[in-house]
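Reminder, nothing fancy here: chain letters follow the sequence lines and each chain counts from 1.
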2 protein chains.
Amino acid sequence: MTKYQHQTRLLAAIDCIIFGFDGTTLKLLLVQRAIQPEKGRWSLMGGFIQPDESADIAAVRVLKKLTGLEGVYLEQLHTFSDPKRDPIERTLSVTYFALIDIHRYEQQLSDEYHAEWFTLTEIPQLIFDHPEMMYMAQEKLRYKAALHPLLFELLPKKFTLPQLQSLYECVYDMPFDKRNFTRKVLSTKLLVKQKDKDKGNSKKGAFFYKLDNKQYKANLHAFLNIIPNPPIG
Amino acid sequence: MTKYQHQTRLLAAIDCIIFGFDGTTLKLLLVQRAIQPEKGRWSLMGGFIQPDESADIAAVRVLKKLTGLEGVYLEQLHTFSDPKRDPIERTLSVTYFALIDIHRYEQQLSDEYHAEWFTLTEIPQLIFDHPEMMYMAQEKLRYKAALHPLLFELLPKKFTLPQLQSLYECVYDMPFDKRNFTRKVLSTKLLVKQKDKDKGNSKKGAFFYKLDNKQYKANLHAFLNIIPNPPIG
DNA sequence: TCAAAAGTGTTATGAGTACACCCATGG
DNA sequence: CCATGGGTGTACTCATAACACTTTTGA
């Protein structure tokens, strides 16, 4: 016997929920679908899993094709498998959520793939079960970022504490106390203060910080407790 | 166009990591594989996703077939998709972890499916990537149970605080202070004290408690903080 | 000189932890 | 009556949360 008999084979795809932060709002990268059905409508970036690929590898490939980026934070989210989720043919989708530094994103690719960043509050109608995927990704981001140092992935290598704070405020849609926030963040010892300042947002300028990569990798799972009352999920 | 052209179809299966608690140790339900290859070796319970089924439905079906149980706690864990994970033919597996009250398990099914409960420390060699699945399920159980009221799913409807405590001690492999444990658990308001006692383990007897179902469903996501230093993952 | 953002310290409250003795009962 | 497991309270420490003023500097 070389095959499993009498079982149905089906298509397997991956879809990526790609988050970015432009300094003010949290955004999702969407593409206009290139193939029928629903050609031209907005969707998450996805693609079929190839014969020699795991889903993880497929996600990395698709992400690189769309954004030009490698080494991006990418995590398996959930597998969607409703038999009717794709009206053309049964397709199972393994979803991933990705956190990228929006400034590293290569704008030229937008044209090539008809991609666009959307603020979370202005997401267009998406195809299939993509709204559900998006919702789940948001929930997971909020859940996980409340406990783990994750949101750094959305910032440039050098960032300021006010930038970090506004990112958190944006993700949780609530204000944070500057002093408590600073204290908590610094108490994790994940950040290293730099000598130079970012003068983009103020006259005084705010010191840059970098992640202490050794600490970061060791403490990826450290509990942060940045959020006073952690979100549920 | 009625089909996606030039894409490979593949088999899709589900596998269940089934946890049970016998009052003393945490156990996994394993089966002896009924089909080639690896027939007769121990594996997680699984099955192929049928044409009219989502993965969730398939998991429920498989779980009912093996344990006779319905309404069991079942949660999607991770999708394993290495192209070579099954040597016969490429098969993607969506894994689920299940928490069941071991006493509701119908023993007769053990014979029918060659199933057996194994203590976590005495797991036999498993096929394919099932060890990895098992490991991931354990990690997730520990992670999630530290934050959410989850372990109740492993106990009978009526249980005592000492029983609950020994379950936690077993999952986290550490002792807990009885007084602090009791206080924390009761402070969640999830438990309702019953009038009767369990005299199985002591002469004095320990009061039974039941979950307050309304509270439980509303607070499924409540943070428990039963574990002093939450586990990482 | 003033507007705008950055940076910093203290206090009060609540949560977590460590810890030891009495109670009830069946044998 | 005694061995066994069940049940309870307090004090200390530490983490969190609330809160306001000074600094810097470009325009």
K.L.:
Just how far, in rounded Å, is C1' of C:dT25 from CG of B:Asn201?
P.N.:
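In whole Å, C:dT25 C1' lies 14 Å from B:Asn201 CG.
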
K.L.:
Going by modelled atom types, is there a donor-acceptor pair between the base of D:dG7 and the side chain of B:Arg183 at under 3.5 Å?
P.N.:
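No, no donor-acceptor pair under 3.5 Å.
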
K.L.:
Any donor and acceptor pair, going by atom type alone, linking the side chain of A:Glu169 with main-chain N or O of A:Phe176 inside 3.5 Å?
P.N.:
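Looks like yes, one N/O pair under 3.5 Å.
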
K.L.:
What is the distance, to the nearest angstrom, from the CG atom on A:Leu161 to the P atom on C:dA5?
P.N.:
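Result: 17 Å.
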
K.L.:
Can B:Asp15 and B:Ser93 be counted as having a side-chain donor-acceptor contact under 3.5 angstrom?
P.N.:
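Yes - a donor-acceptor pair under 3.5 Å links their side chains.
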
K.L.:
Check the distance between C:dA5's P and A:Leu164's CG and give it to me in whole angstrom.
P.N.:
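About 18 Å, once rounded to whole Å.
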
K.L.:
Pull out every protein N or O sitting under 3.5 Å from an N or O of nucleotides 23-27 of chain D, one pair per line with the distance.
P.N.:
unit_1 : atom_1 : unit_2   : atom_2 : d
D:dT23 : O2     : A:Lys204 : NZ     : 3.1
D:dG26 : N2     : A:Lys203 : NZ     : 3.4

K.L.:
Go through the structure and list residues passing side chain to side chain donor-acceptor pair (under 3.5 Å) with A:Lys158, not counting sequence neighbours.
P.N.:
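A:Lys158: side chain to side chain donor-acceptor pair (under 3.5 Å) contacts with A:Asp196.
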
K.L.:
D:dA18 P sits how many Å from A:Lys184 NZ, rounded?
P.N.:
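The answer, rounded to whole Å, is 10 Å.
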
K.L.:
Between A:Gln165 (CD) and C:dT8 (P), how many Å, whole number?
P.N.:
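From A:Gln165 CD to C:dT8 P: 14 Å.
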
K.L.:
With a 3.5 Å cut-off and heavy atoms only, can you find an N or O donor on one side and an acceptor on the other between the side chain of B:Arg179 and the base of C:dA18?
P.N.:
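No.
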
K.L.:
Between C:dG7 atom P and A:Asp177 atom CG, what is the distance in whole Å?
P.N.:
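In whole Å, C:dG7 P lies 15 Å from A:Asp177 CG.
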
K.L.:
So A:Phe80 and A:Phe128, ring-ring contact (aromatic ring centres under 6.0 Å, His included) or not? Walk me through it.
P.N.:
CA-CA 11 Å; A:Phe80 291 79; A:Phe128 304 169; over 10 Å; no

K.L.:
Tell me which nucleotide among C:dT17, D:dG7, C:dG9 gets nearest to the side chain of A:Asn180.
P.N.:
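Given the options C:dT17, D:dG7, C:dG9, the side chain of A:Asn180 is closest to C:dG9.
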
K.L.:
With B:His103, which residues qualify under side chain to side chain donor-acceptor pair (under 3.5 Å), at least two apart?
P.N.:
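Result, side chain to side chain donor-acceptor pair (under 3.5 Å) vs B:His103: B:Asp101.
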
K.L.:
Measure the distance from CZ on B:Phe176 to C1' on C:dC19 and round it to the nearest whole Å.
P.N.:
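In whole Å, C:dC19 C1' and B:Phe176 CZ are 17 Å from each other.
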
K.L.:
What pair of heavy atoms forms the shortest contact from A:Leu66 to A:Tyr105, and how long is it?
P.N.:
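Minimum heavy-atom separation between A:Leu66 and A:Tyr105: O-CE1, 3.8 Å.
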
K.L.:
Does B:Lys189 come within less than 4.0 Å of B:Asp212, counting only side-chain N to carboxylate O?
P.N.:
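Looking at B:Asp212 together with B:Lys189, the answer is no, because their closest N to O distance does not fall below 4.0 Å.
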
K.L.:
Among D:dG6, D:dT8, C:dG9, which nucleotide has an atom closest to any side-chain atom of B:Pro162?
P.N.:
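Closest nucleotide among those given: D:dG6.
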
K.L.:
Starting at CZ of B:Phe208 and ending at P of D:dG7, how long is that distance when rounded to a whole Å?
P.N.:
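To the nearest whole Å, that distance equals 11 Å.
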
K.L.:
So which nucleotide from D:dT8, D:dA20, C:dC19 ends up closest to the side chain of B:Lys178?
P.N.:
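Of the options given, the side chain of B:Lys178 lies nearest D:dT8.
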
